[in-house]
Amino acid sequence: MQKLILIKYAELNTKKDNIGLFLKTLKNNIINSLNNLEVTINYDKGRMYVIPKDEDFSFVLDKIKNVFGISSIAIGYEYDNKEIDVLGENIVNLIKDREFKTFKVETKRSDKSYPLTSLEVSQKLGSIILKNYSNLKVDVKNPEVVINVEIRKNNSYFYFDEVKGLGGYPVGTLGKGLLLLSGGLDSPVSGYLAMKRGVKIEAIYFDSPPHTSIEAKNKVIELANILSKYEGNLKLHIIPFTKLQEEIYKNVRQDYVITIMRRMMYRISERVSIKNKCKILVNGESIGQVASQTLESMNVINNVVKIPVIRPVACFDKLEIIALAKKIKTYDTSILPYQDCCTIFVPEHPVIYPDLEICEEEETKFDYESLIKEAIKNSEIINTKEKKNEFTSYL
Ligand code: ATP
Ligand code: MG
């Protein structure tokens, strides 16, 4: 008998032509998530099987729960025989130390030449279990334990206690995006959602010392760290934004300061994207949340770039964003009270419906091009890596 971790894929079956890439990426992402721990991974189109050493099972299970592209995870037992009486004996042995009262057996049979139908296998195994454990009862509607049986061509499997995986696509299968990561609640959640769709993320943060503190910067690094749990290693670009921001503040009419500042962020982000082969920008804008997130604002801000801008939380309300931030463990860091560059320079009455021509007119008042180049040239890159042995257990 071989004990193993049995993984079912999420959504992958819809990707018929690309399935090879999806499975290879998923396998690599699992290996990366395990900090070089030695495991064997086999897969076919239906399942992936991870075989760690006995003592590593709980570590591996904890890590795999954070890998996108998985619909469910269970500990499985593989046997190389398939005769019904032997299967019965195997199950009787496997459940002998477990405490439960009700169960059902569910059988899948990919070996169509097997002499019994799936239903007949379930019934036979059910009666063998009942014969051995007179205290147990079958409950097909709401059993405490579902005993899953799979009869395959060359072997058979049992598994119980299936838990849900994160779903989505394996990170990287859809290419790379650049996440505008501030210290707030919205952008880390957006990054998570983009990763869930298979997009590998790099992050960019606009830092304005001394107007923003080192704590604000560290908070963003910590958020990148938490997000890196879902993709192994996350590259964070820190852009020195002070000069540009001060020039905007000095030269631009006050109600347009925020709009122009965001246009600069977009311009820089697009250039950093191109340099780093990111195909989209991802941000935490949510329709109507603040003045710079009206449709008119989004329009004039978006106008300075060609690269697509994805806003995963555009249609979420704040409560939905908070719930997800708690689930992915970014909430506690996001609510730390350090001001970011936007909050510090907020004018009393920021324009809510900005006009494109006015933006363009205001931007002629200072040489932003050279300031953009300088900011990109002086950017700092941090490779975050998840801190070892820090697990989430929200599943
Ligand atoms: P968040 O909660 O993500 O900070 P927010 O509600 O505070 O968002 P804004 O400050 O208007 O909204 O920012 C909107 C989006 O712009 C953010 O979600 C983020 O993607 C990006 N952004 C804002 N400030 C920065 C920054 N200093 N560095 C990088 N990205 C930023
Ligand atoms: Mg913010």
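As the structure lists them, so they are numbered: ligands from 1, and atoms in each ligand from 1. All residue numbers refer to positions in the sequence shown, counting from 1.
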Report the hydrophobic cluster partners of Ile51, with the cluster defined as I, L, V, M, F, W, Y residues connected by side-chain heavy atoms closer than 4.5 angstrom, directly or transitively.
->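 Traced through the cluster, Ile51 reaches Leu4, Leu6, Tyr49, Tyr157, Tyr159.
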State plainly whether the residues [X] and [Y] are in salt-bridge range, i.e. N to O under 4.0 Å.
X	Y	answer
Glu202	Lys277	no
Arg253	Glu363	no
Lys101	Asp139	no

Leu179 and ligand 1 - part of the residue with a heavy-atom distance under 4.0 Å =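 It is neither; nothing of Leu179 touches ligand 1.
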Specify side chain, backbone, both or neither for Asp207, according to which of its non-hydrogen atoms lie closer than 4.0 Å to ligand 1.
->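 Within the 4.0 Å criterion, Asp207 makes no contact with ligand 1.
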Test of proximity, [X] against ligand 1: N or O pairs below 3.5 Å:
X	answer
Pro188	no
Gly284	yes
Leu185	yes
Arg262	yes
Asn283	no
Lys318	no

Quick check on contacts: which atoms of ligand 1 are under 4.0 angstrom from a heavy atom of [X]?
X	result
Tyr205	27 (N), 28 (N), 29 (C)
Asp186	1 (P), 2 (O), 3 (O), 5 (P), 6 (O), 8 (O)
Leu181	28 (N), 29 (C), 30 (N)
Ile204	29 (C)

Take Phe68 and Tyr169 through the test ring-ring contact (aromatic ring centres under 6.0 Å, His included) and record every step on the way to the result.
-> CA-CA 6 Å; Phe68 288 116; Tyr169 295 131; over 10 Å; no
Contact list for residues 287-316, test salt bridge (Lys or Arg N to Asp or Glu O under 4.0 Å), sequence neighbours left out =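 Residue pairs passing salt bridge (Lys or Arg N to Asp or Glu O under 4.0 Å), neighbours aside: Glu285-Arg311.
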What's the shortest heavy-atom distance between Leu227 and Pro188, and which atoms?
->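 Closest approach of Leu227 to Pro188: CD2-O, 3.5 Å.
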Using heavy-atom distances, let me know which of Gln293, Met265, Arg311, Glu285 sits nearest atom 12 (O) of ligand 1.
->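 Ranked by closest heavy atom to atom 12 (O) of ligand 1, first place is Gln293.
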Verify, without hydrogens or angle tests, whether Lys82 (side chain) and Arg152 (backbone) share a donor-acceptor contact under 3.5 angstrom.
->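 Present.
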With Ile128 as reference, evaluate Leu87, Asp85, Val105 under the side chain to side chain contact (heavy atoms under 4.5 Å, CB included) test and give the passing residue.
->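 Exactly one pass, corresponding to Asp85.
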